[in-house]
There are 2 protein chains.
Amino acid sequence: MAIKSALDALDIKILKILQNNSQHTLKDIAEQVNLSLSPTHDRIKRLEMDGYIKGYVGILNRKKLNLGLMVHCQVTLEKQNRSNFSEFEKSIKEFPEVISCHLVSGNFDYYLNVISEDVESYNRFYQEKLAVLPSVAHISSLFVMDEIKTTTSLPL
Amino acid sequence: MAIKSALDALDIKILKILQNNSQHTLKDIAEQVNLSLSPTHDRIKRLEMDGYIKGYVGILNRKKLNLGLMVHCQVTLEKQNRSNFSEFEKSIKEFPEVISCHLVSGNFDYYLNVISEDVESYNRFYQEKLAVLPSVAHISSLFVMDEIKTTTSLPL
DNA sequence: AAAGCCAACGAATTAAATTCGCTGGCCTTT
DNA sequence: AAAGGCCAGCGAATTTAATTCGTTGGCTTT
């Protein structure tokens, strides 16, 4: 028999609650899933231990923190060798301005999401940190005019 | 005199801690900022009340939850009137598959981030929910091959 | 049918958050 | 320059929540 690991409906319900608001009390969650405190507690700990929950974070308001500019940034690398790629990725991971980076199919290679105070500050990041990375062939910057939706909640 | 509102170095330090891990105890945070419990508590509550902290969430592991596919989706609307835009935006906000949507400068209009189980399930979303929205002129889908970096932490 | 297992339970304990009255330093006002 | 008021920080007391643990009942397995 395989190791017990599948999630049941209650686990999913708990995950849905926690991914929307992790500050609910155990009592609160227990009521919503119709269990008592201890099994609810056990389930949450199990979900954490098994890696279904990566962690708990506070979501900050970037506009109030003077980080009003978001830029989508398409980066193409020179295609010679794949070793360029891991070097590039390593740098990206260390830049706090980059809040996401994906390798995508299509014309360009990486799609970044960059947070800055303003255009000037973005330009500084662009010139001094991004454009100087070795093997960067092309970068194009798309400015975010309006943030329609942003959530960390997955469709469960 | 302006209403007291600026954040000092300790506030920023607290925000940095909370945006990385909201499960730290008050005692823990208090030690890190060199304050006692009560002022630390007061500051956190103030930061919440003033909207610097939008909320606290659990971050789930989408790969473990059978949501292995992420698609970047560029959507162009017909340009006649702006009323199309708000209708489109309203629908997007209601789709749980869409975890982010930005209005961007450049050739297309909206840039979406969509989460699905697999290509089949994405195609269902595409055909049945996205492509049928009124005034959608063009959609192109870029598949995420690798997730290099994803964080909710802002560069403070 | 008996044995073993697992999930749920409630009570007891421990730990954390919250409240509140007090204090000292700093700024304002005269 | 002195007095008064204000604000941030403090510690103790209280409330609330999380955690632990021994027990129970229902299912499955043999």
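Chain letters run A, B, ... following the sequence lines, proteins first, then strands; residues in each count from 1.
- Evaluation of the salt bridge (charged side-chain N to carboxylate O under 4.0 Å, His left out) rule for Glu48(A) yields Lys45(A) as partners, not counting sequence neighbours.
- Minimum interatomic distance between Asp11(A) and Ala6(A) (heavy atoms only, all atoms of both residues): OD2-O, 4.4 Å.
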What N/O pairs connect the protein and nucleotides 22-27 of chain D at under 3.5 Å? Give each pair on its own line.
none

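- When all heavy atoms of Ala131(A) and Ile139(A) are compared, the closest pair comes out as CA-CD1, 3.9 Å.
- OP1 or OP2 of dT18(C) has at least one side-chain nitrogen or oxygen of Lys45(B) nearer than 4.0 Å.
- A donor-acceptor pair under 3.5 Å is formed between the side chain of Lys64(A) and the backbone N or O of Asp50(B).
- In this entry the distance linking CD1 of Ile44(B) with P of dT19(C) reads 13 Å, nearest Å.
- Residue pairs meeting the side-chain hydrogen bond (donor to acceptor under 3.5 Å, both in side chains) criterion with at least one partner in residues 140-153 of chain B, sequence neighbours excluded, are Asn20(B)-Ser153(B), Arg62(B)-Glu147(B), Gln74(B)-Ser140(B), Tyr122(B)-Ser141(B), Glu147(B)-Thr150(B).
- Axis angle between the ends of the helix from dA1(C)-dT30(D) to dT30(C)-dA1(D), five pairs each and rounded to 10 degrees, works out to 30°.
- Across every non-hydrogen atom of Pro96(B) and Pro155(A), the tightest pair is O-CB, 3.6 Å.
- Regarding Gln23(A), its CD atom lies at a distance of 14 Å from the C1' atom of dT18(C), rounded to whole Å.
- Counting to the nearest Å, the P atom of dA17(D) and the OH atom of Tyr56(B) are 16 Å from each other.
- Counting to the nearest Å, the P atom of dC6(C) and the CZ atom of Arg46(A) are 13 Å from each other.
- Inter-residue side-chain proximity for Leu7(B) and Leu47(B) is flagged as met; some heavy-atom pair is nearer than 4.5 Å.
- Side-chain N or O atoms of Thr40(A) include one that pairs as donor or acceptor with a backbone N or O of Ser36(A) at under 3.5 Å.
- Atom CG in Asp11(B) sits roughly 10 Å away from atom P in dA8(D) (whole-Å rounding).
- For residues 91-105 of chain B, the side-chain hydrogen bond (donor to acceptor under 3.5 Å, both in side chains) pairs, not counting sequence neighbours, are His72(A)-His102(B), Glu97(B)-Lys129(B).
- As rounded to whole Å, 14 Å separates atom P of dG11(D) from atom NZ of Lys27(B).
- Residues from residues 31-43 of chain B with heavy atoms under 4.0 angstrom of DNA chain C, sorted by number: Ser38(B), His41(B).
- Within the model, atoms CG of Leu65(B) and CG of Leu60(B) stand 6.0 Å from one another, a figure rounded to the nearest 0.5 Å.
- Within the 6.0 Å centre-distance limit, the rings of Tyr110(A) and Phe88(A) are counted as a close aromatic pair.
- Rounded to an integer number of Å, the gap from CG of Leu26(B) to P of dT19(C) is 12 Å.
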